[in-house]
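The analysis underlying the following values was restricted to heavy atoms, covering all of them including side chains, and did not include hydrogens, waters or symmetry mates.
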Amino acid sequence: MSFGIKPLGDRIVIKREEAEEKTESGIILTSQSKEKPQIAEVVAVGPGEKDHPVTVKPGDRVIFSQYGGLEIKYEGEQYIILTQRDIYATID
């Protein structure tokens with residue numbers, strides 16, 4: 001899927017899943033108390049590098065580092081650009 005951002009090298013563009021609006025017990029959370037999920041969908045991937053081939057593909061759901069990457073806003077949507085080293089696992 002091409003949407004305008006073309007990552008370079010082993011960089012990957014992800015879109016974070018939405019935070020939960022309420023707890024399991026039904027308490028509605030304010031925006032300050034919502035925990036940012038560390039699960040995202042891969043939107044675009046770079047071509048990789050000789051020593052660092054990219055092993056994820058657009059559409060994959062991944063778990064990523066809370067402190068990794070660069071958060072950007074593009075066409076009204078929030079994305080994160082990070083390297084593959086900041087991705088810990090894929091989710092089936």
Euclidean distance, I14 CD1 relative to Q38 CD, rounded to 0.5 Å: 10.0 Å

Linking I/L/V/M/F/W/Y whenever any side-chain heavy atoms sit under 4.5 Å apart, do Y79 and V54 land together? no

Any carboxylate oxygen within less than 4.0 angstrom of a Lys/Arg side-chain nitrogen, looking at E41 and R16? no

How far does CG of L70 sit from CG of D86, to the nearest 0.5 angstrom? 11.0 Å

Exactly one of V62, V43, L82, T83 should register a side-chain contact (heavy atoms from CB on, under 4.5 Å) with I12. Which one does? L82

To the nearest 0.5 Å, what is the distance between CZ on R11 and CD1 on I5? 13.5 Å

How close do P7 and V45 get, heavy atom to heavy atom, and via which atoms? CG-C, 3.4 Å

Could you walk me through whether I39 and I91 pass the side chain to side chain contact (heavy atoms under 4.5 Å, CB included) check? CA-CA 9 Å; I39 297 175; I91 300 172; 3.7 Å; yes

When hydrophobic residues are tied together by side-chain contacts of less than 4.5 Å, even through go-betweens, does Y74 share a cluster with I81? yes

Closest heavy-atom contact between P58 and A44? CG-CA, 4.3 Å

Taken to the nearest 0.5 Å, the spacing of Q84 CD from H52 NE2 works out to 9.0 Å

Transitive ILVMFWY side-chain link V13 to L8, under 4.5 Å: no

Does NZ in K57 sit with more than 12 non-hydrogen atoms of other residues, nucleotides or ligands closer than 6.0 Å? no

Atom pair CZ/CG of R85 and D10 - distance to nearest 0.5 Å: 5.5 Å

